[in-house]
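Heads up, the thing below is written out as structure tokens.
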Amino acid sequence: MAKMNMLQAVNSALITAMTENEKVMVFGEDVGHFGGVFRATSNLQEKFGKARCFNTPLTEQGIIGFANGLAAQGSTPVAEIQFADYIFPAFDQIVNETAKWRYRSGGQFSCGSLTIRTPYGGGISGGLYHSQSPEAFFAHVPGLKIVVPRNPYQAKGLLLAAIRDDNPVLFMEPKRLYRASVGDVPEHDYTLALGKAEVVQAGSDITLLAWGAQMEVIEKAAAMASQDGISCEIIDLCSILPWDRDTVAASVKKTGRLLINHEAPRTAGFASEIAASIQEACFLHLESPITRVCGLDTPYPLAHEKEYMPDHLKTYEAIKRCVHF
Amino acid sequence: MAKMNMLQAVNSALITAMTENEKVMVFGEDVGHFGGVFRATSNLQEKFGKARCFNTPLTEQGIIGFANGLAAQGSTPVAEIQFADYIFPAFDQIVNETAKWRYRSGGQFSCGSLTIRTPYGGGISGGLYHSQSPEAFFAHVPGLKIVVPRNPYQAKGLLLAAIRDDNPVLFMEPKRLYRASVGDVPEHDYTLALGKAEVVQAGSDITLLAWGAQMEVIEKAAAMASQDGISCEIIDLCSILPWDRDTVAASVKKTGRLLINHEAPRTAGFASEIAASIQEACFLHLESPITRVCGLDTPYPLAHEKEYMPDHLKTYEAIKRCVHF
Amino acid sequence: MKDRNHLSNVGLTNQVEVISNGLLDIPMVQLLQADGSLHGDATLPDMSEELAKKILHTMQYIRILDERMVAAQRQGRISFYLACTGEEASTIGSAAALEPQDMIMSQYREQGALAFRGFTTEQFMNQMFSNEKELNKGRQMPIHYGVKDLNFMTISSPLGTQIPQASGYAYGQKMAGVPAVTICYFGEGAASEGDFHAGMNMAAVLNCPVIFLCRNNGYAISTPSEEQFAGDGIASRGIGYGIKTIRVDGNDVMAVYAATAKARQIALTEHCPVLIEAMTYRLAAHSTSDDPTGYRSKDEEERWRAKDPVQRFAAWMQSKGWYNEEESKAHIEQTRQEVLSQLKQVEKVPVCHINEIINDVYDTPPWHLKEQLAELKAHIAKYPEAYPKTAGRL
Amino acid sequence: MKDRNHLSNVGLTNQVEVISNGLLDIPMVQLLQADGSLHGDATLPDMSEELAKKILHTMQYIRILDERMVAAQRQGRISFYLACTGEEASTIGSAAALEPQDMIMSQYREQGALAFRGFTTEQFMNQMFSNEKELNKGRQMPIHYGVKDLNFMTISSPLGTQIPQASGYAYGQKMAGVPAVTICYFGEGAASEGDFHAGMNMAAVLNCPVIFLCRNNGYAISTPSEEQFAGDGIASRGIGYGIKTIRVDGNDVMAVYAATAKARQIALTEHCPVLIEAMTYRLAAHSTSDDPTGYRSKDEEERWRAKDPVQRFAAWMQSKGWYNEEESKAHIEQTRQEVLSQLKQVEKVPVCHINEIINDVYDTPPWHLKEQLAELKAHIAKYPEAYPKTAGRL
Ligand SMILES: Cc1ncc(C[n+]2csc(CCOP(=O)(O)OP(=O)(O)O)c2C)c(N)n1
Ligand SMILES: Cc1ncc(C[n+]2csc(CCOP(=O)(O)OP(=O)(O)O)c2C)c(N)n1
Ligand SMILES: [Mg+2]
Ligand SMILES: [Mg+2]
């Protein structure tokens, strides 16, 4: 065990994967000698050479196109998109190519070995284009997996699992936790299962569900609610696609209430899928409407960032509204 | 009034708009002399000249980037994306640029005059890449409007409204209705309101909701259900964003049940947003879970197209399950 | 190529020089003249009689397949087809210069390359009828071939996407140390996509052993090349990327073969991309959904029909004494028969089992797909007559 | 440019010619030598003393603004800044050759062009403090300027997107019949984006009066230009698109001015795009989030510091007798004062009213945004201390 922040945990996962398998290659804008603008790929080029860790030209569609071809060839690319806000030029390569490659070829070819890493999320004074949480766009894409860690331990274990999983994985790193979240991380190799949610705290009155950096927020809100005698069950979804409906449904059947929190705008955010599925799975158990605490349906505004964010206070108020419905 | 199919209605709307306002320009791949691969832009180049109706090079990101600049300049671009399956290379221009232009500039500049037309949907033996219904991706983008007509009358009235609306509009044309749907269309100028759903048939037992080509499907299912004595209220959503929650909620408060049908894959499809919002708005009125009848969570398969589609039989069965919950 | 540092070796001028057409005027390699005779000062590449025959036979084969399948589409037996008439030399001549281990990533009009690799008539038919024998399980429209054993990547419809993919594939080959290159085919229309730019530039910077072969056939559906670009074709772009470039007569199979052989050698030994622009003409309609009379003249078509690549090569073979009229006729007749008989047989093969609808989305189907399949099967069992292709086997 | 038809006028060759670096060697226009003296055979563009002074003053102004704002960021007064040190000539020299009605679509390092247009220190500060006086309402990070009255389009962070947009904007200007062009600035890094390709090609094909000005400053954050492209810079690509192209010394404001004036004349009278590649160097860090010592040498920086564009121009002014040491010092001192005093004042201006959070998403807020705002305001009213920037005014 070592104390690591999330960046160090990501770096440790990459070193582990590249050491174990020489087919693993890491690339993207500024990831080479410089080690990435957040330094998640520090020292990889030194350790593994320029052929296996390298800068690309500045083109996200090119990075993912290149990565798709590399994956189909049999290598194991780990491509970085510098900010999730800049993943959209690669949307076609991801949605029409990465995700459909295996299906369209009847399983003859695939991009299963591909992992795409990208920092996402707000709370860092980034305004419109350094704050977005685009997971819902990708949740509508059969063939992809989407994973979001909430702390350094998860970051390493889930990233290693993502790299080794034989499906393309979008690995979204909550950048406001990069240095803020510090914890014990095994130095050795380990993986955590994809597609599994984690019940972080048991409770009886309401289920609170989030992922990534918003886990802190719902935990804080739960602590406030417990002062009022409200017992919250807290779940980290961990994987957005495929998501662990059964764990969530089991919890909601117990508590009778569900609140989902995410940073992305509310309309057609991933909370809507969860709400739609859970009202179906738990219809007779629900004691109040499933509640979504989300970003506003606006671009991400710098000056009003605090007001925009689905923070612990908004969550706490929503918990009370649910419980006193 | 004249009998027109949907292509003729679209063409009539474009002629009306270009005649009235010389700033309207129509462009895209093959839309010029040839009139588009579906012939929706037939004769426009002849009538209005090559400067106002023209072919572009084969680049969707370029088409929308160009259209964004043209709109910001003060012209009124109507850009065509040849198939909705090919809109993804333009995703960044639409999501990060078109939709955020006004907000980021504090209202100084905007792409409000832009309309993007694109044929979407399955049922035409198109397989993976000539069948997609990508509306849900765009429904998560504040700043856009999304409109889908179900017949020629709507196509003309909604398209004219979209072109004149001072917000960027994604106008999705159900291509399997292009020639199949024929109806009376006024030759004169008229518009239909954006953002308004239409109650197509009143009923008391369950609300059926769809848009575009799937309207036929739910109407057929409703007819079958009426044989069983089930009375369906049928709503055409018409606008996906912003969508008319109040009309839907009013209906569901009356019927106590809601079924939503769309072609796109179920997970994170737009039905999930509707279900999430309506279970909130109508919690105490719901007598059964809100049901989604959608495409499977797979790419669109050619050989199994019939099986993939959320057809009238699947809808009919789902209606019965709801009513007998 | 130049030293890449952005200011080293830049020359100076003290006048505001506007550079326009002055610098470029890229010539086109032609070895055989339109009548099939060798240009006086040209040197032929090394080509055995056997190889020459295989090339000619493949050209004849694909032309017949195209004719028959266009007819089959008109008869409503298949939903869609796309012929390569007039462009056989570009794809077959280039495929002939490759080794079997080289990966082919094509656009969709490269059936000639696939046939050259040994794809059988039955395999072509299986794909076009989307049946259960189809290697890709019938999920895409007709003509979207793909076969792993022949190193022919499954075609996807979105244009240009294969260009950066080919760069990545070739990089992987280089890293794996295999003596193989990737060839990437695309049209001059697809070359307008952003992915073209990304793929070319990355290949150049990352030293990928990939051959980019652009079929500049004058049209992208109805859009003529003069509305597609304003420069000196696609070749001139290669120079901008610092990519070695060859412009070749795409209707001269000998020139295409020689150019590709050269390109392959450069790519493999110098670890770098090479761009080939094959100047040709789409004599066919864009596809069976298209009617070119709406956007071009018969006259233009006739001028190009006169440059027919198959006849040109046959004439050269004849001059070598390698052409046997009888043999050729027999081959053509046999091909016709084979195509027709396969067509009849393959038509009867059923589509895949309904279980396949959820396979290959992931390596193994997750819970939600299993649920959806179970529901679907129960539904089909209830309404078997509505789903005749699959209801018989649940 | 060539006739665009894809095969007309193509020359023939009978050898497999591989074209590599032979064709291109694009020279760079330089009028003033590093010491500010005119090249012997160069002709100066028409430039009045007044204009020359305005250019010099703007260069000095922007250097001071950059220095001060980098310092302000270090002090934690603003969250982010991005300096243009070393590149002042490229942006100010080009802006000086334009007319006020010309639209400027920039990347983010073109504050020099904006200052030349008349943007005030207070306006710069308002933007960087995201306050309610900011014309864009403080929604984006510092340095994302935009001002309609000065025809300076609001900057957006995604790179390269403005390139096809500029083509469209210029097309609209042409259609409207206004005697104006669009200038589009971008870095050599952004030129790798697919949007670059799309925008350049469309401008060429659709005859858009747009000037593309690429600041080739050697780096994209840490990535040196030799890992960005392998050809002869960005200029060589212009030729591939059939776009008239000028390569210019980006540290010679006179050369940039002359090149842009020429480009503007061509764009406006010939209705076509012109590409200018300005060869320069990013002396500054990429931004205040960056530390270049991790990826380049002090030595390299020093070599470029010696080519300082401001000193070069000042030296030329001196040789003309247009440079007054006193006046210049006074101007610099006055600018320093102004920047400091504005900084202090603007810091106190509040952010926009919370109502603005939902304005400008659409032309008028739809029902769901009104609902969300009402909820938000009720919430803020309940926890005013948690939202100190807006709670005071609800
Ligand atoms: C991204 C994308 N946009 C549009 C299309 C529709 N489309 C199919 S083929 C074609 C023309 C391609 O022309 P070219 O690349 O020159 O190839 P050719 O047909 O001439 O062989 C178009 C526009 C597509 N398949 N993909
Ligand atoms: C689409 C996109 N990808 C990545 C980034 C992150 N980014 C910001 S600036 C930059 C480098 C740009 O370099 P260049 O275009 O050469 O301009 P310069 O900074 O040298 O002026 C990068 C990678 C971005 N803003 N947008
Ligand atoms: Mg073509
Ligand atoms: Mg740069």
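In what follows, chains carry the letters A, B, and so on, assigned in the order in which the sequence lines appear, proteins first and then strands, with residues in each chain numbered from 1. On a predicted model such as this, the values are computed, not experimentally measured, just so you know. These numbers come from the heavy atoms of this one structure, side chains and all, not from hydrogens, waters or symmetry mates.
- If you measure heavy-atom distances from C:Asp290 to chain B, the contacts under 4.5 Å come from the side chain alone.
- By number of non-hydrogen pairs under 4.5 angstrom with chain C, the leading residue of B:Thr56, B:Val37, B:Asn55, B:Asp311 is B:Asn55.
- With a 4.5 angstrom heavy-atom cutoff, C:Leu376 touches chain B only via side-chain atoms.
- Cation-pi contact between B:Arg176 and B:Tyr120: absent, since separation from the ring centre below 6.0 Å together with deviation from the ring axis within 45° is not met.
- Contacts of C:Leu373 with chain B are absent, with no heavy-atom separation under 4.5 Å from either backbone or side chain.
- In this structure, C:Phe212 has its ring center no closer than 6.0 Å to that of C:Phe196.
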Mind listing the side-chain donor-acceptor pairs of residues 122-130 of chain B below 3.5 Å, one per line with the distance, residues two or more places apart or on another chain?
from: B:Tyr129; atom 1: OH; to: A:Asn96; atom 2: O; distance (Å): 2.4
from: B:Tyr129; atom 1: OH; to: A:Arg104; atom 2: NH1; distance (Å): 2.8
from: B:His130; atom 1: NE2; to: B:Tyr86; atom 2: OH; distance (Å): 3.2

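- Both the backbone and the side chain of B:His304 have a heavy atom closer than 4.5 Å to some heavy atom of chain C.
- Using a 4.5 Å cut-off between heavy atoms, C:Leu369 contacts chain B through its side chain alone, with no backbone atom that close.
- For C:Ser289, no part sits under 4.5 Å from any heavy atom of chain B, backbone or side chain.
- Using a 4.5 Å cut-off between heavy atoms, B:Thr267 contacts chain C through its side chain alone, with no backbone atom that close.
- Heavy-atom distances place the backbone of C:Ala190, and not its side chain, under 4.5 Å from chain B.
- Checked against the 6.0 Å centroid criterion, the rings of C:Tyr219 and C:Tyr295 qualify as a close aromatic pair.
- In terms of the ring-ring contact (aromatic ring centres under 6.0 Å, His included) criterion, residue partners of B:Phe66 (sequence neighbours excluded) are, by chain and number, B:Phe27, D:Tyr171.
- Between the side chains of B:Gln82 and B:Asp30, at least one donor N or O sits under 3.5 Å from an acceptor N or O.
- In this structure, B:Phe38 has its ring center under 6.0 Å from that of B:Phe83.
- In terms of heavy-atom pairs under 4.5 Å with chain B, the best-connected choice from C:Glu193, C:Arg139, C:His286 is C:Glu193.
- Between the side chains of B:Tyr300 and B:Asp85, no donor-acceptor pair is found at a separation under 3.5 Å.
- Heavy-atom distances place the backbone of C:His353, and not its side chain, under 4.5 Å from chain B.
- With a 4.5 Å cut-off on non-hydrogen atoms, B:Gln61 touches chain C through its side chain but not through its backbone.
- C:Leu159 has its side chain within reach of C:Gln107: a pair of non-hydrogen atoms, C-beta onward, lies under 4.5 Å apart.
- Here C:Ile357 is the residue among C:Val361, C:Ile357, C:Ile354 with the most heavy-atom pairs under 4.5 Å with chain B.
- At a 4.5 Å heavy-atom cutoff, the contact between C:Tyr387 and chain B is made by backbone and side-chain atoms alike.
- Ranked by non-hydrogen atom pairs under 4.5 Å with chain B, the options C:Gly189, C:Pro158, C:Ser130 are led by C:Pro158.
- Heavy atoms of B:Glu60 lying under 4.5 Å from chain C belong to its backbone as well as its side chain.
- Inspection of the C:Glu87 and C:Thr280 side chains reveals no N or O donor paired with an N or O acceptor under 3.5 Å.
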